[in-house]
There are 2 protein chains.
Amino acid sequence: MASGRTHRPATRSRGIPEATVARLPLYLRALTGLSERSVPTVSSEELAAAAGVNSAKLRKDFSYLGSYGTRGVGYDVEYLVYQISRELGLTQDWPVVIVGIGNLGAALANYGGFASRGFRVAALIDADPAMAGKQVAGIAVQHSDGLEKIISDNGVSIGVITTPPSVAQQVCDRLVAAGVTSILNFAPTVLSVPDGVDVRKVDLSIELQILAFHEQRKAGEEAALNEAAALAAPVGRADSTDQGPDGDVPAVMPA
Amino acid sequence: MASGRTHRPATRSRGIPEATVARLPLYLRALTGLSERSVPTVSSEELAAAAGVNSAKLRKDFSYLGSYGTRGVGYDVEYLVYQISRELGLTQDWPVVIVGIGNLGAALANYGGFASRGFRVAALIDADPAMAGKQVAGIAVQHSDGLEKIISDNGVSIGVITTPPSVAQQVCDRLVAAGVTSILNFAPTVLSVPDGVDVRKVDLSIELQILAFHEQRKAGEEAALNEAAALAAPVGRADSTDQGPDGDVPAVMPA
DNA sequence: ATGTCTTTGTGAACGCGTGCACAAAGATGG
DNA sequence: CCATCTTTGTGCACGCGTTCACAAAGACAT
Ligand SMILES: NC(=O)c1ccc[n+]([C@@H]2O[C@H](COP(=O)([O-])OP(=O)(O)OC[C@H]3O[C@@H](n4cnc5c(N)ncnc54)[C@H](O)[C@@H]3O)[C@@H](O)[C@H]2O)c1
Ligand SMILES: NC(=O)c1ccc[n+]([C@@H]2O[C@H](COP(=O)([O-])OP(=O)(O)OC[C@H]3O[C@@H](n4cnc5c(N)ncnc54)[C@H](O)[C@@H]3O)[C@@H](O)[C@H]2O)c1
């Protein structure tokens, strides 16, 4: 998606659609909860409700993995946990490195949910010499000079970037050059990577802006409703680009 | 999507597709960068490259907002910044509350990028009496007893949940009852909310599992390639459910 | 063994999102 | 004022994802 000219099918690996892959962890979480309560089987309806999806969608998702259900009964919880875990690659251990141990990096390092599913924090890396040697979540922070060696020694293929955005691309480049092929990026930057490297981004700011959009829309609808109720006559101002409290549209944004 | 029977069109507000809304913040970020460097205009090609998207997609996205470009020239940067900001509702201030000031909540509170775009941390809320009164990021943490009053006093409509998953639903319910209509959830839980309330979730664990899936696929492909090169004869074991190092499929997951 | 009843697995239709390709618009130079 | 050239805005086709609806499969009771 970045510099790619080869147009790889991206995710139609051997059939499993990307949308399905993104939901498998959701199912797995729901199933784990059932497993802990020793529930032996679940119907697609029950499991779908627990995962917050449509039951037909869930069945179709599972159909990509194979026919693991029993008609008239449902799915065997333990068996399904195993199958999904295997499909997601969680039966093996994935060492990850976190680069940039600031507010967010430290929070992630302290996050217990990390280790719960095959992910192991192999190293914490920071460029600040003052950070080197400090213990965060029981792990000594290492200086970024040794990044390449750390990655190759531990066989790390997944990297998490929590540095300031200004250095995210160069950190990314070093990670990729050292052998990392999957990156989870928390910095608000568009990373470009060579083909064969996957990047996923988590962007708090974008999430908030999307919420704000819908929030504004909701407020606008309500206002329009009240307005319409108050004065039943149509307004007929300019064209259809009415946008609530804004009168006209200046050519330049105020400061 | 939760308890909804009314089947609201969800996001086709007055035409802007959800996928477009999700990209607007991306464009806005790229445009802000250009604005800071005093670039007066950009072509769709340049801006698309900066935002990491297809230029045709970008032009179509902008066409939903109106005809803000000039053919043969491109788009006026400042004007577009303003239009997108307005469309996203960023010309007004959005007070937000963060509930659950632990590792993650504190990191978010300290995050500078919050305030940069109309979002203001109105309050930090935690259930732990020991936290109450403590300063985090220059803001005093308040006990969750006062949650309802805080929200109504400040006109908060956006809430961020960073509590443990076990209490996320009840926190959510209180937020919604108090008037919050948009929630950003960091707890690994499926929240159910009434119609009219938007929920977005950020789930680190899911992101990592998706990366692990692709990582495993990449490793599998490589292995299959090597294997095919080594012995050119087809294997012909059982059915087509070959999955690399796993021999057979046990009916129950090992411990 | 046979019938009933539950639940899966999937064919088919539909809608959304993406990207190509091009006509129209307008700037720019002569 | 006209020609040329750049770049937008969009019609169109295609593929992916979602959902409905139902036949087939199998458990379970009799
Ligand atoms: N804190 C949040 O809640 C939050 C939310 C959303 C996004 N983000 C983004 O996450 C990133 C980190 O945020 P933060 O609040 O933790 O910032 P921070 O300043 O607290 O931490 C950044 C850390 O990265 C280290 N660093 C700088 N350059 C480095 C390099 N070249 N190699 C390795 N380490 C380096 C710094 O020493 C520092 O420890 C930022 O890009 C921020 O925009 C943070
Ligand atoms: N830390 C991470 O990097 C990370 C990553 C992904 C997801 N998460 C999720 O984010 C959430 C928070 O993680 P954390 O590491 O900050 O946990 P944490 O235990 O450090 O913080 C949780 C905070 O919530 C407060 N709390 C508990 N019940 C509450 C209630 N009813 N009302 C208000 N506050 C309450 C606790 O007092 C505590 O301060 C968890 O659900 C976790 O699974 C965290």
Side-chain angles (χ1 to χ4, degrees), chain A residues 1-2 4-24 26-27 31 39-77 79-80 83 210 241, chain B residues 1 4-24 26-27 31 39-77 79-80 83 210 239 241:
Chain A
M1 194 182 284
R5 183 180 48 80
T6 44
H7 193 273
R8 98 170 13 224
T11 24
R12 204 171 358 130
S13 58
R14 206 258 327 292
I16 304 184
E18 182 63 15
T20 296
V21 172
R23 281 187 295 268
L24 290 182
L26 224 53
Y27 302 145
L31 285 164
V39 177
T41 59
V42 269
S43 69
S44 62
E45 205 71 49
E46 293 167 328
L47 186 53
V53 300
N54 182 295
S55 69
K57 194 188 295 186
L58 178 143
R59 287 197 300 276
K60 181 146 290 194
D61 283 342
F62 286 174
S63 78
Y64 292 118
L65 309 183
S67 291
Y68 294 151
T70 307
R71 294 171 191 229
V73 176
Y75 299 91
D76 183 285
V77 172
Y79 186 61
L80 205 46
Q83 290 299 340
I210 294 173
T241 53
Chain B
M1 193 179 285
R5 184 180 47 81
T6 43
H7 192 274
R8 94 168 20 221
T11 24
R12 204 171 357 135
S13 58
R14 208 256 328 290
I16 303 184
E18 184 61 16
T20 295
V21 172
R23 281 188 294 268
L24 290 181
L26 225 52
Y27 302 145
L31 284 164
V39 177
T41 60
V42 270
S43 68
S44 62
E45 205 71 49
E46 293 167 328
L47 186 54
V53 301
N54 182 295
S55 69
K57 194 188 295 185
L58 179 142
R59 286 197 300 275
K60 182 149 292 191
D61 283 342
F62 286 173
S63 78
Y64 293 116
L65 309 183
S67 293
Y68 293 151
T70 307
R71 296 174 189 225
V73 176
Y75 299 90
D76 183 286
V77 171
Y79 185 60
L80 205 46
Q83 289 299 339
I210 295 173
D239 55 7
T241 52

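Note: hydrogens, waters and symmetry copies are ignored here, and every other heavy atom, side chains too, is used. Convention: sequence-line order gives letters A, B, ...; per-chain numbering from 1. Just so it is clear, the model here is predicted, and its values are computed rather than measured.
- Residues A:Asn54 and B:Glu45 both approach DNA chain D. Their nearest nucleotides, taken by heavy-atom distance, put B:Glu45 toward the 5′ side.
- Contact between the side-chain N/O atoms of B:Ser44 and the OP1/OP2 oxygens of D:dT7 is not found at any separation under 4.0 Å.
- With rounding to the nearest 0.5 Å, the separation of CZ in A:Arg23 from NZ in A:Lys60 is 11.0 Å.
- Every residue meeting the side chain to side chain contact (heavy atoms under 4.5 Å, CB included) condition with A:Ala56, not counting sequence neighbours, appears here in chain and number order: A:Asn54, A:Arg59.
- Minimum interatomic distance between A:Tyr64 and A:Gly15 (heavy atoms only, all atoms of both residues): CD2-O, 4.0 Å.
- B:Leu47 has its CG atom 14 Å from the P atom of D:dT7, to the nearest Å.
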Might you list the N or O atoms of the protein lying below 3.5 Å from N or O atoms in nucleotides 28-30 of chain C, with each pair's distance?
none

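- Residues passing the side-chain hydrogen bond (donor to acceptor under 3.5 Å, both in side chains) test with B:Thr20, sequence neighbours excluded: B:Asp61.
- Across the protein-nucleic acid pair, B:Lys57 atom NZ and C:dC16 atom C1' stand 13 Å apart, rounded to whole Å.
- A search for ring pair (Phe, Tyr, Trp, His ring centres under 6.0 Å) contacts involving B:Tyr75 returns B:Phe62, not counting sequence neighbours.
- B:Thr41 OG1 to B:Leu47 CG: the interatomic distance, rounded to the nearest 0.5 Å, is 11.0 Å.
- The side chain of B:Ser43 places no N or O atom within less than 4.0 Å of a non-bridging phosphate oxygen (OP1 or OP2) of D:dT7.
- Note: CG (A:Leu58) to C1' (C:dT10) measures 14 Å, nearest angstrom.
- Partners of A:Ala48 according to the side chain to side chain contact (heavy atoms under 4.5 Å, CB included) rule, which considers only residues two or more places apart in sequence or in another chain, are A:Val53, A:Ser55, A:Leu58.
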Between protein and nucleic acid, restricted to nucleotides 9-11 of chain D and to nitrogen or oxygen atoms under 3.5 Å apart, what atom pairs and distances do you find?
from: D:dG9; atom 1: OP1; to: B:Gly69; atom 2: N; distance (Å): 3.1
from: D:dG9; atom 1: OP2; to: B:Tyr75; atom 2: OH; distance (Å): 2.6
from: D:dG9; atom 1: O4'; to: B:Arg71; atom 2: NH2; distance (Å): 2.8
from: D:dG9; atom 1: N7; to: B:Arg59; atom 2: NE; distance (Å): 2.9
from: D:dG9; atom 1: O6; to: B:Arg59; atom 2: NH2; distance (Å): 3.2
from: D:dG11; atom 1: O6; to: B:Lys60; atom 2: NZ; distance (Å): 3.2

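- One can place CG of A:Asp76 at 13 Å from P of C:dT8, the figure rounded to the nearest angstrom.
- Whole-Å rounding puts the B:Glu18 CD to C:dG15 P distance at 19 Å.
- The list of salt bridge (charged side-chain N to carboxylate O under 4.0 Å, His left out) pairs with a residue in residues 41-58 of chain A, not counting sequence neighbours, is empty.
- Between atom CG of residue A:Asp76 and atom CG of residue A:Leu31 there is a gap of 10.0 Å, rounded to the nearest 0.5 Å.
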